[in-house]
There are 2 protein chains.
Amino acid sequence: MENKSETCQPTCSVDYAFRRIGGKYKGRILWYLHEHKTLRYGALKRILCDVTTKMLTQTLRELETDNLINRKVYHEVPPKVEYSLTETGRELIPFIEYLRQWGDRQIEKENKNSQTYQL
Amino acid sequence: MENKSETCQPTCSVDYAFRRIGGKYKGRILWYLHEHKTLRYGALKRILCDVTTKMLTQTLRELETDNLINRKVYHEVPPKVEYSLTETGRELIPFIEYLRQWGDRQIEKENKNSQTYQL
DNA sequence: CTGCATCCTAATGGATACTG
DNA sequence: CAGTATCCATTAGGATGCAG
């Protein structure tokens, strides 16, 4: 009884997953790539709007290394690079969608409350 | 066409949600509280095993402020404090469960690959 | 257009000692 | 037992300039 292994759990798949989609922009990037199917570097930068080139590049590289997004380079002048979700990346979409809806509800709640207090 | 609003999206519910469950321990804490229904401070510390009292307390306070967990104090000696999920916190469980399974699959994949290479 | 390099600040997290 | 308080290390993130 009461024996649901209350012991140290160093390797945890929850932790593993959160490390892969944590950070300031990863969730949004995955979501926008899902909405638009494919996005160029500059387009992503415009949508995220508060991101620097350094952070965007760094984040995209991490997502690529973790095999969540594809990077397709067109060897043209000027250069053109398109990003899209991999199959593994697409597997995360249902959960991000779920999370997005939850976030929406919370934001609505907060707005209602502040309106109440303002009366 | 191609007009899925490729414009700046400053307030994003995906971003909102990630800020609430981001951080090194929040996901795991919510998950363990779901598994055990209720956990005392010391029990949480043992399960997380690599957390300091400072981080644990700080994280629990944030989750409490965001109304994701309950904190119940028993005024005894020695003191006893129990943590549990709120209704809002429970709403996050299906999605953490999804993420956990996804993480499991990825970890398995990685193991298979490294075994292949070791042959 | 799509970055990379450098330098810097802010935020996060950790070690340790102490307390009601 | 369940924390606080203090100080320190690490990392995440940002500003700016330059380049293929």
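Remember, predicted model here, so these are calculated numbers, not experimental data. Letters A, B, ... are given to chains in the order of the sequence lines, protein chains preceding strands, and every chain is numbered from 1.
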Q. Is there a donor-acceptor contact under 3.5 Å from the side chain of B:Ser84 to the main chain of B:Lys37?
A. no
Q) Are side-chain N/O atoms of A:Asn70 and A:Thr86 paired as donor and acceptor at under 3.5 Å? A) no
Q) What integer distance in Å separates A:Leu39:CG from C:dG3:P? A) 13 Å
Q: For A:Thr57 and for A:Pro78, locate the closest nucleotide of DNA chain C by heavy-atom distance; then report the residue assigned to the nucleotide nearer the 5' terminus.
A: A:Pro78
(Q) Tell me the interatomic distance from A:Arg46, atom CZ, to C:dG3, atom P, rounded to whole angstroms. (A) 14 Å
Q: Taking salt bridge (charged side-chain N to carboxylate O under 4.0 Å, His left out) as the test, write out the residues that go with A:Arg19, two or more places apart.
A: A:Asp15
Q) Do the side-chain N or O atoms of A:Arg40 get closer than 4.0 angstrom to the phosphate oxygens (OP1, OP2) of C:dT2? A) yes
(Q) Measure CG/B:Leu56 against P/C:dT12 and give the value in whole Å, please. (A) 17 Å
Q: Report the relative orientation of the aromatic rings in B:Tyr32 and B:His36; use parallel for angles under 30°, tilted for 30 to 60°, perpendicular for over 60°.
A: perpendicular
Q: Compute whether any side-chain donor of one residue and acceptor of the other, for B:Tyr16 and A:Glu110, lie under 3.5 angstrom apart.
A: yes
Q) Looking at OG1 of A:Thr88 and CG of A:Asn67, how far apart are the two atoms once the value is rounded to the nearest 0.5 Å? A) 5.0 Å
(Q) Return the CD to OH distance between A:Glu64 and A:Tyr83, rounded to the nearest 0.5 Å. (A) 7.0 Å
**Q.** Which residues share a salt bridge (charged side-chain N to carboxylate O under 4.0 Å, His left out) with B:Arg90, sequence neighbours left out
**A.** B:Glu87
Q: Take nucleotides 14-20 of chain C nucleotide by nucleotide from the 5' end and write B, S or -, depending on whether a protein heavy atom sits under 4.0 Å from the base, only from the sugar-phosphate, or from neither.
A: BB----B
Q) Does anything in residues 61-77 of chain A reach DNA chain C, meaning a heavy atom under 4.0 Å, and if so which residues? A) A:Arg61, A:Arg71
**Q.** Test item: side-chain donor near acceptor, B:Tyr41 and B:Thr57, under 3.5 Å
**A.** yes
Q: Could you check how far NZ of A:Lys45 sits from P of C:dT2, rounded to whole Å?
A: 11 Å
Q. How many Å lie between CD on A:Glu82 and C1' on C:dC1, as a whole number?
A. 13 Å
Q) Salt-bridged, B:Arg20 to B:Glu62, with N to O below 4.0 Å? A) no
(Q) Below 4.0 Å from chain A heavy atoms, what is the first contacting nucleotide of DNA chain D and what is the last? (A) D:dG13 to D:dG20
**Q.** Rounded distance (Å) that lies between atom C1' of C:dG13 and atom CZ of B:Arg28
**A.** 14 Å
Q) Given atom OH of A:Tyr83 and atom C1' of C:dC1, what is their separation to the nearest angstrom? A) 11 Å
Q) With A:Arg40, which residues qualify under salt bridge (charged side-chain N to carboxylate O under 4.0 Å, His left out), at least two apart? A) none
Q: Whole angstrom is fine here: how far is it from NZ in A:Lys80 over to C1' in C:dC1?
A: 12 Å
